[in-house]
**Student:** 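Submitted below is the structure of interest, expressed as structure tokens.
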There are 2 protein chains.
Amino acid sequence: MADGLTIGQAAAFVGVTIKTVRHYHRLGLVTEPERDGSGYRRYRSADLLRLVQVRTLAGAGVPLAEIGDLLDADPERFSAALDDVHRRLTERIEDLVARRDTLHRLDRGDRALLPDRACAVLDRLTDLGFSPDYVAGQREALVLARALIPEIYDNFLTQLERSLDDPEFVELTKRGWDARSWDPDDPRIEELASALADKLLANRVVPAMPTGFRNRSDAAARYGLVNHHREDREPSIARLNALVEANLRAAGVDIPHQ
Amino acid sequence: MADGLTIGQAAAFVGVTIKTVRHYHRLGLVTEPERDGSGYRRYRSADLLRLVQVRTLAGAGVPLAEIGDLLDADPERFSAALDDVHRRLTERIEDLVARRDTLHRLDRGDRALLPDRACAVLDRLTDLGFSPDYVAGQREALVLARALIPEIYDNFLTQLERSLDDPEFVELTKRGWDARSWDPDDPRIEELASALADKLLANRVVPAMPTGFRNRSDAAARYGLVNHHREDREPSIARLNALVEANLRAAGVDIPHQ
DNA sequence: GGTTGACCTTGACCTTAGGTCAGGGTGAAC
DNA sequence: GTTCACCCTGACCTAAGGTCAAGGTCAACC
């Protein structure tokens with residue numbers, strides 16, 4: 001008898017739930033339609049049209065709070081606003097595409113993100129016979145370096161690449177990795193530290209401190225984080241690294257304490 | 001002295017706010033790091049790594065509630081989950097692209113959405129000299145028909161197209177539109193209704209009632225909504241339409257009352 | 001003519017992914 | 001020695017709805 005659709009029909013029509021339609025009413029986005037004898041809302045063509053318009057904008061991500069003004073604006077302002085919505089939507093889409101693409105890098109073994117050059121170095125580590133644990137640790141260090149101190153990330157990578165060309169250095173590094181099973185007070189650690197420091201100085205692959213930070217302690221914090229990554233799990237390696245750093249410092253290399 | 005980044009540095013590092021990091025702690029997504037002497041959180045490399053992983057997934061739209069399980073899953077389950085995330089992200093992107101494309105149809109004069117065939121008919125109406133108001137009304141009716149009763153939308157459109165090929169019909173329709181300024185009791189309305197009904201029957205462009213609905217009253221509600229669109233604003237046109245319908249009904253056409 | 005089941009009404013509270021505010025403690029620098 | 005940027009907790013706010021409760025209505029079926 002009473003004409004107009006009920007709220008359920010109207011909602012199904014525009015593809016939303018009843019609650020959503022009522023939500024739009026409460027926000028004043030769509031004026032409440034007339035009620036029939038039993039208090040039901042009855043939607044007429046004009047209401048549905050408005051509902052479709054609101055939904056189209058809302059579906060495109062326009063905040064509901066803006067939609068009212070937008071639809072009631074004069075045509076050229078509306079048109080300009082539409083262009084703006086379109087632009088923002090395009091940005092959002094591009095952002096999502098970029099995120100989708102980085103997503104698959106999470107799946108390359110370690111769930112972290114590294115460019116190809118770093119991956120090549122890591123593959124080479126594996127080929128040279130380093131243990132998967134060691135490779136994983138280096139991978140994490142590279143991820144951190146890239147994110148925390150991009151200024152010296154290249155330096156870090158180059159250092160790794162050059163070191164791998166020197167069989168003696170590779171040997172020393174492997175021995176250093178073996179040191180994790182030694183007692184932290186084992187005298188061999190001091191010997192090894194000395195040999196490693198000499199090698200580093202000879203090959204000129206000393207770590208460069210990051211520059212350009214607001215203060216030195218910030219840089220030091222980042223440097224320490226990268227260079228002492230995973231040491232909390234390996235006390236002997238921590239001691240080895242500390243000794244190597246002490247040796248380098250004694251030779252005049254700028255390395256922050258702790 | 002104490003090593004590790006503060007929460008602000010860690011947050012800046014992964015590109016989020018401090019509050020977001022604390023939020024992840026509360027959800028158990030990233031375990032709370034150790035505190036320093038003054039109770040500040042100190043983030044070490046492993047914490048940052050975890051933070052980057054969480055952010056990468058969260059940024060791709062994975063609900064925070066799922067991320068924990070996901071990152072702690074074994075590799076092949078993780079990999080499968082990543083594929084799933086990728087798939088959902090692709091769907092979302094396609095959906096947004098579709099919405100972006102429909103968005104510009106909102107800007108084609110009337111802020112409603114119609115396919116090309118309908119637009120062509122409306123343009124033709126304008127070319128034939130119908131007033132912009134009349135065209136707007138027909139446009140709205142088409143939008144409603146398409147959304148409410150797609151089964152007869154084609155029929156509706158074909159009817160319009162055929163009618164426009166008949167100059168006499170065009171003349172009668174224009175006269176019908178002029179009738180909105182007449183008194184609703186004007187005797188000319190009855191005449192016109194009779195002529196229009198004859199023409200409709202002769203051209204066989206009678207409206208088809210929608211079929212296949214759960215009940216007849218639902219169909220009737222939709223039909224009424226489309227066919228009596230805008231009549232609340234034009235009482236004379238309402239009367240004219242009612243008379244045309246009565247004439248058609250008398251000739252055996254199935255049209256619901258009200 | 002009674003009951004069933006699908007619909008409608010309002011109102012109050014829940015959700016996600018954080019943001020904001022209040023009130024107070026820390027740390028480094030000028 | 002104070003200033004200013006940073007940190008702490010806890011309580012409440014946001015958008016865009018969803019869920020639940022308690023009750024009224026409508027059409028259909030028996």
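Being a predicted model, the structure only gives us computed values, none of them experimental. Numbers restart at 1 for each chain; the letters A, B, ... are given by sequence-line order, proteins then strands.
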**Student:** Give one of base, sugar-phosphate or nothing for A:Ile18, where a contact means two heavy atoms less than 4.0 Å apart.
**Tutor:**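 Sugar-phosphate contact only.
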**Student:** Using atom types as modelled and distance alone, determine if a side-chain donor or acceptor of B:Asp36 lies under 3.5 Å from a backbone N or O of B:Ser38.
**Tutor:** yes
**Student:** From CZ of A:Arg26 over to C1' of C:dT9, roughly how many Å is that when rounded to an integer?
**Tutor:**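 For the pair A:Arg26 CZ and C:dT9 C1', the rounded distance is 14 Å.
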**Student:** Would you mind classifying the nucleic acid contact of B:Arg22 as base, sugar-phosphate or nothing, using non-hydrogen atoms under 4.0 angstrom?
**Tutor:** base
**Student:** Polar pairs (N or O, both sides) under 3.5 Å between protein and nucleotides 21-27 of chain C?
**Tutor:**
residue : atom : partner : partner atom : Å
C:dG25  : N2   : B:Tyr40 : OH           : 2.8
C:dT26  : O4'  : B:Tyr40 : OH           : 2.9
C:dT26  : O3'  : B:Ser38 : OG           : 3.4
C:dG27  : OP1  : B:Ser38 : OG           : 2.8

**Student:** Under 4.0 Å between a side-chain N/O of B:Thr20 and OP1 or OP2 of C:dG19, yes or no?
**Tutor:** yes
**Student:** Rounded off to whole Å, could you give me the CD1-to-P distance for the B:Ile7 and C:dG19 pair?
**Tutor:**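 After rounding, the gap between these two atoms is 12 Å.
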**Student:** Side-chain donor-acceptor pair under 3.5 Å between A:Arg100 and B:Thr90, yes or no?
**Tutor:** yes
**Student:** Counting only side-chain nitrogens and oxygens, does A:Thr17 get under 4.0 Å of the OP1 or OP2 atom of D:dG18?
**Tutor:** yes
**Student:** Can you tell me which stems DNA chain D forms when a stem means 3 or more consecutive Watson-Crick or G-U pairs under 3.5 Å?
**Tutor:** C:1-30 with D:1-30
**Student:** Rounded to the Å, how far apart are B:Glu66 CD and C:dT15 P?
**Tutor:** 16 Å
**Student:** Output yes when at least one side-chain N/O atom of B:Arg41 is less than 4.0 Å from OP1 or OP2 of D:dC7, else no.
**Tutor:** no
**Student:** Is it true that a side-chain atom of A:Asp72 and a backbone atom of A:Asp69 form a donor plus acceptor pair closer than 3.5 Å?
**Tutor:** no
**Student:** Within a strict 4.5 Å, meaning less than it, do heavy atoms of the B:Tyr24 and B:Leu51 side chains meet?
**Tutor:** yes
